[in-house]
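Data block below; observations after.
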Amino acid sequence: MDKRTFIKNSGLLGLGAVLNIDSFSDLMQSVSSVPSSDLAKEEDFWLTIRKGYRLNPDMINFENGYYNFLPEQTLEKLIAHIREVNYQASYYMRTVQFQKKADIAAKLAGLAGCPADEVVITRNTTESLDTIIGGLDWKPGDEALMAEQDYPAMLSMFKQVAKRHGVVNKIVSVPNNPSSDDEIVNLYANAITPNTKLLMICHMINLTGHILPVRKICDMAHNKGVPVMVDGAHAFGHFRFTIPELDCDYYGSSLHKWLSVPLGSGLLWVKKENISKVWPLMAPFDMSPDDIRRLNHIGTHPVYTDLTIEDALVYYNMLGAERKEARLRYIQNYWTDKVRNIPHVILNTPADPARSCAIANVGVKSLKPGELGDVLWKKYKIYCAPIDGANVHGCRITPNVYTTIAELDVLVNALAEMK
Ligand SMILES: Cc1ncc(COP(=O)(O)O)c(C=O)c1O
């Protein structure tokens, strides 16, 4: 059946102001046979998804890379969890808190395709990865390898480890437009020495949205006996992958980014055989050396955030990972294809669709990134993240599933106008 007729026939496009869980479920049922690549272009469908969000009418939010704020469906669940924990109070904390957290971590492990006893819920990627960087048994002269495009919080932790333990940090620069995977693999391979004890790579570089060939980098590093830690802050819930298929050693992500969990939620995965090699940042109670919960002693924290992970997973699974990824890639390609050949525009994100998803970074030759961000905000009400460093000079544009083509057209026209 013609997909447009199919969706129109479902009668769901005229839904009320907010998409609730029942109408969401009916909507998804009505499109279950539409291929994701076709649905990605169905603006009416995505306008209905948009109704599930409370949006600020005074801006076009292209800064979802910091925080993918919650659809109303998940927000209501968070509020209900806050009420319930407040009602049960210490009783909740003393009885079911830890079992609930373990159960939810197991669900995350399911999505990541890895064993539940290798995953813990942290507060963010910074906590996940700094636990590893700070917790390894470094010796003077050991080398750590990373890129200048890595996230500043992790680079700072490596600097601290260098001061404290005499570790030497080697820093490469990842090209914005590589000609092949080999170019990137060789960049890292050439910087590895017999002293290299850890390689950190981004799954997706936050400045440009560039997806790195993680599996190939891991294979190369392992051949040289070097473990790999992957910064997946922007990957989980954004595009599909499983951690085992990457074959890395450590993986961290922020769930308040692409999984739309409330602020302060992350994931740490450590390969079983590596767990005992890491000293916890905060000392745990007595536990077996290979129990990953050793690395997760954070004290009392907002448990309702943990509980809402389950609801965010429900939303994500209802929308569908494949459908979400297809739409995000479609909208990024929609606007980047329109501006890539404008002579005064510089795109800092690879053109190869396999190397990006929702995020892209754009510059205008005559403007500094801060100036570009200023014009976009003041003249066009576009909110985005200007970036000026690490060989990236432009504004990071991060749409989300509620983004419309009309909003992207505002950006395209703005860029075309700016000479
Ligand atoms: C690549 C990357 N790593 C790590 C982080 C840190 O995330 P968080 O502040 O949630 O710890 C970010 C945040 O934007 C990021 O983009």
Requested in this report: Evaluate the criterion ring-ring contact (aromatic ring centres under 6.0 Å, His included) for residue pair F62 and Y380; output intermediate values, then yes/no.
Outcome: CA-CA 12 Å; F62 286 157; Y380 302 94; over 10 Å; no
Query - Trace of the ring-ring contact (aromatic ring centres under 6.0 Å, His included) decision for W377 with Y383 - result: CA-CA 6 Å; W377 176 238; Y383 187 59; 5.6 Å; yes
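Under 3.5 Å, the side chains of Q149 and S173 contain a donor-acceptor pair of N or O atoms. Judged purely by distance below 3.5 Å, without hydrogens or angles, the side chains of T404 and E43 never pair a donor atom with an acceptor atom. Remark: the S180 side chain and the E183 side chain contain no N/O donor-acceptor pair separated by less than 3.5 Å. Under 3.5 Å, the side chains of Y334 and D409 contain a donor-acceptor pair of N or O atoms. Side chains of K277 and N274: a donor on one and an acceptor on the other come within 3.5 Å. In the model, D142 has no side-chain atom that pairs as donor or acceptor with a side-chain atom of N195 under 3.5 Å. Side-chain contact of Y66 with H256: a donor-acceptor pair under 3.5 Å is absent, judged by distance alone. Side chains of H301 and D306: a donor on one and an acceptor on the other come within 3.5 Å. When only modelled atom types and interatomic distance are considered, D103 and Q99 share a side-chain donor-acceptor pair under 3.5 Å. Inspection of the R396 and N206 side chains reveals an N or O donor paired with an N or O acceptor under 3.5 Å.
Remark: side-chain polar atoms of R50 are not paired, donor with acceptor, to backbone N or O of T403 under 3.5 angstrom. For D311 (side chain) and K77 (main-chain N/O), no donor-acceptor pair under 3.5 Å exists by modelled atom type. In terms of modelled atom types and a separation under 3.5 Å, the side chain of D290 and the main chain of I275 share no donor-acceptor contact. Remark: the backbone N or O of F158 is paired with a side-chain donor or acceptor of N169 at under 3.5 angstrom. Formation of a donor-acceptor pair under 3.5 Å by the H234 side chain with backbone atoms of G232 is not found in this model. The backbone N or O of G65 lies less than 3.5 Å from a partner atom in the side chain of K257, making a donor-acceptor pair. Under the 3.5 Å distance criterion, the side-chain polar atoms of N333 are matched with a main-chain donor or acceptor of R329. Proximity of a side-chain donor or acceptor of H393 to a complementary backbone N or O of G363 within less than 3.5 Å is not detected. T349 places a side-chain N or O within donor-acceptor distance of the main-chain N or O of N361, the cut-off being under 3.5 Å. Judged by distance alone, the side chain of D38 and the main-chain N or O of V34 form no donor-acceptor pair under 3.5 Å.
Ion pairing between a basic and an acidic side chain is recognised when a charged N comes within 4.0 Å of a carboxylate O; K100 and E310 show such pairing. A salt bridge links K170 with E143: at least one charged nitrogen is closer than 4.0 Å to a carboxylate oxygen. A salt bridge between D374 and K368 is absent, with no side-chain N of the basic residue lying under 4.0 Å from a carboxylate O of the acidic one.
Under the side-chain hydrogen bond (donor to acceptor under 3.5 Å, both in side chains) criterion, E273 pairs with no residue, sequence neighbours left out. Judged as a salt bridge (Lys or Arg N to Asp or Glu O under 4.0 Å), and not counting sequence neighbours, the contacts of D117 are K272.
Taking the six-membered ring for Trp, F69 and Y402 have ring centres closer than 6.0 Å. Not less than 6.0 angstrom separates the ring centroid of F236 from the ring centroid of Y316.
Within a 6.0 Å sphere centred on CZ of R293, heavy atoms belonging to other residues, nucleotides or ligands number 12 at most. Within a 6.0 Å sphere centred on NZ of K107, heavy atoms belonging to other residues, nucleotides or ligands number 12 at most. The environment of CZ in F98 is sparse: at most 12 heavy-atom neighbours from other residues, nucleotides or ligands sit within 6.0 Å. No more than 12 heavy atoms of other residues, nucleotides or ligands lie within 6.0 Å of CZ in R54, so this atom counts as exposed by the packing criterion.
Under the side-chain contact (heavy atoms from CB on, under 4.5 Å) test applied with T131, the options L136, L281, T122 reduce to a single match, L281. Test R215, H222, K216 against D219 for side chain to side chain donor-acceptor pair (under 3.5 Å) and you get one pass: R215.
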